[in-house]
Amino acid sequence: MSGVIVHEWIEETGGAEKVVESFAEIFPDAPLLCLWNDAPRRFSNSVVRESAIARTPIRKSKVAALPIMPLQWRRWKAGDATWALVSSHLFAHHVRFRDAPDIERYIYVHTPARYIWSPDLDPRGSSAIARTVAPMFRKLDARRAKEGGCYAANSDFVAERVRRYWGIEAKTIYPPVAVSAIQSRPRWVEYLDRQELDMYERLPQDFLLAASRLVPYKRIDEAIRAAALTDLPLVVAGDGPDRARLESVAESEKIPVYFLGRVSDALLFALYQKSLAYIFLGVEDFGIMPVEAMAAGASVVGNSVGGVAETVMDGITGALCDPKDSAQLTDAVRRAIDCRPEKSAAHAQQFDSIQFMREITNWVGPEKVNSPRAHVWSGDKK
């Protein structure tokens with residue numbers, strides 16, 4: 001039984017791409033269809049087919065490409081494929097094959113498009129253009145979502161939105177996190193290069209950690225406030241367009257804030273292990289980085305709304321709060337600092353990549369799997 005993997009577009013980084021990497025490992029013979037591929041080396045072992053959009057200048061602008069994406073997803077041919085595994089966070093679930101309109105579809109939903117359905121969660125939905133076109137896109141999106149298929153969501157938080165917006169029931173399959181890889185090194189500081197080690201050793205002995213892309217909806221400014229409320233230094237790992245504003249916010253506080261910019265995985269994992277707590281206050285669909293932090297033994301201060309509330313055990317592997325409530329935020333930081341690292345590390349293991357691959361295999365059907373490594377996640381001894 002042959003199939004195809006479908007994904008919106010391919011980028012160098014991103015949680016959705018990590019999901020697709022697992023799909024490609026489970027189904028190595030399945031070609032990967034996408035609108036365009038901006039990371040050609042990332043899936044070098046797969047046959048990657050781009051849409052006609054990839055041959056035009058608008059591939060460089062998601063906003064410009066948006067109006068023609070729904071049409072493009074109706075123009076593919078399935079060839080000899082009898083099923084499709086779809087990774088969707090915008091319109092990929094619209095996919096229809098001209099030569100196989102009734103093909104089996106397994107649709108993994110990272111989120112219904114936030115800036116169309118949940119503009120309160122995504123600042124892109126607040127623009128005048130987005131507000132104008134959103135009602136039209138919502139009608140089309142809901143209609144095409146109902147065309148058939150088996151749905152899974154990356155969290156209960158997303159599954160509830162799939163039910164509310166599309167009227168579809170989706171099972172929850174949490175996305176893959178490299179828990180085993182993180183836990184393979186008890187002291188990541190020993191794997192830093194000289195420059196990274198110098199940076200690491202210049203940091204204070206005790207600090208809170210915030211790490212993500214520096215964009216407004218990640219709420220790093222709330223992490224700065226959490227550090228100020230508890231009179232603790234904050235280390236910020238990551239970069240992005242919000243950095244200048246965040247540096248200005250940090251200057252207005254009395255506690256030191258260290259902006260490290262982009263860091264390697266090894267340094268990030270070392271920072272998780274050293275931090276008093278990892279602060280992650282955005283409203284996320286799932287939130288891979290909090291699970292990474294727990295895998296490294298860190299406790300997490302998370303938002304009580306969103307996917308993080310499903311992965312962090314309040315009072316055991318961290319603490320949940322309404323970050324707008326200063327008293328709750330202060331209490332959450334203090335409670336998280338008191339959590340035990342071994343509890344976080346043990347809890348994170350249920351989100352390991354192997355567990356994800358096992359659940360995807362059972363969802364799509366073991367008979368479709370053609371990977372020579374299937375025994376690794378199936379539990380079969382070979």
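Scope of the values below: all heavy atoms of this structure, side chains included, with no hydrogens, waters or symmetry mates. Just so it is clear, the model here is predicted, and its values are computed rather than measured.
In this structure, the ring of Phe23 has its center no less than 6.0 angstrom from the ring center of Tyr106. Taking the six-membered ring wherever Trp is involved, the centroid distance between the rings of Trp73 and Phe91 does not fall below 6.0 Å.
Nearest heavy-atom pair across Ile103 and Ala81 is CD1-O, 3.6 Å. Heavy atoms only, all atoms of each residue included: Asn303 and Val283 are closest at ND2-CG2, 3.7 Å. In plain terms, the two heavy atoms of Trp188 and Ala270 that are nearest each other are CB-N, 3.7 Å.
Among Trp377, Phe351, Tyr108, the one residue that satisfies the ring pair (Phe, Tyr, Trp, His ring centres under 6.0 Å) test with Phe356 is Tyr108.
Residues Lys62 and Glu11 are paired through a salt bridge, judged by an N-O separation under 4.0 Å between the basic side chain and the carboxylate. With salt bridges taken as basic N to acidic carboxylate O contacts below 4.0 Å, none links Arg163 and Glu160. Ion pair Arg59/Glu50 flagged as a salt bridge, since at least one NZ, NE, NH1 or NH2 atom sits closer than 4.0 Å to an Asp/Glu carboxylate oxygen.
Met313 and Ile337 fall into different hydrophobic clusters, defined by Ile, Leu, Val, Met, Phe, Trp and Tyr side-chain heavy atoms under 4.5 Å apart, directly or through other members. Cluster annotation: Val308 is not connected to Ile279 through the hydrophobic network of ILVMFWY side chains, with a link wherever side-chain heavy atoms come within less than 4.5 Å.
The shortest side-chain heavy-atom distance between Ile26 and Ser371 does not fall under the 4.5 Å cut-off. Residues Leu281 and Leu329 meet the side-chain proximity criterion, which asks for heavy atoms closer than 4.5 Å. Between Phe157 and Thr172 there is no side-chain heavy-atom pair separated by less than 4.5 Å. Residues Leu271 and Phe207 have side chains in contact (heavy-atom distance under 4.5 Å, counting atoms from C-beta outward). Side-chain contact between Asp242 and Ile220 is absent, with no heavy-atom pair separated by less than 4.5 Å. The shortest distance between side-chain heavy atoms of Leu229 and Val333 does not fall below 4.5 Å. By the 4.5 Å heavy-atom criterion applied to side chains, Pro112 and Val158 are counted as neighbours. Within the 4.5 Å cutoff, side-chain heavy atoms of Glu21 are placed close to those of Arg42.
The line from OG of Ser22 to CD1 of Ile360 is 8.5 Å long, rounded to the nearest 0.5 Å. The line from OG of Ser87 to CD of Glu8 is 7.0 Å long, rounded to the nearest 0.5 Å. Here the CZ atom belonging to Arg245 is positioned 10.0 Å from the CG atom belonging to Leu214, to the nearest 0.5 angstrom. Taking NZ of Lys274 as the reference point, atom CG of Leu267 lies at 11.5 Å (rounded to 0.5 Å). Here the NE2 atom belonging to His347 is positioned 11.0 Å from the SG atom belonging to Cys339, to the nearest 0.5 angstrom.
The aromatic rings of His89 and Trp9 lie perpendicular to each other, with more than 60° between the two planes, well past the 30° mark.
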Solution key, residues 285-294 side-chain donor-acceptor pairs under 3.5 Å, sequence neighbours excluded:
| residue | atom | partner | partner atom | Å |
| --- | --- | --- | --- | --- |
| Asp285 | OD1 | Arg114 | NE | 3.4 |
| Asp285 | OD1 | Arg114 | NH2 | 3.3 |
| Asp285 | OD1 | Arg161 | NH1 | 3.4 |
| Asp285 | OD1 | Arg161 | NH2 | 2.8 |
| Asp285 | OD2 | Arg114 | NE | 3.3 |
| Glu292 | OE1 | Tyr272 | OH | 3.1 |

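In this structure, the salt bridge (Lys or Arg N to Asp or Glu O under 4.0 Å) partners of Glu284, at least two apart in sequence or on a different chain, are Lys218. In terms of the salt bridge (Lys or Arg N to Asp or Glu O under 4.0 Å) criterion, residue partners of Asp198 (sequence neighbours excluded) are, by chain and number, Arg194.
Relative to the ring axis of Tyr191, Arg185 places its NZ or CZ within 45° and under 6.0 Å from the centre.
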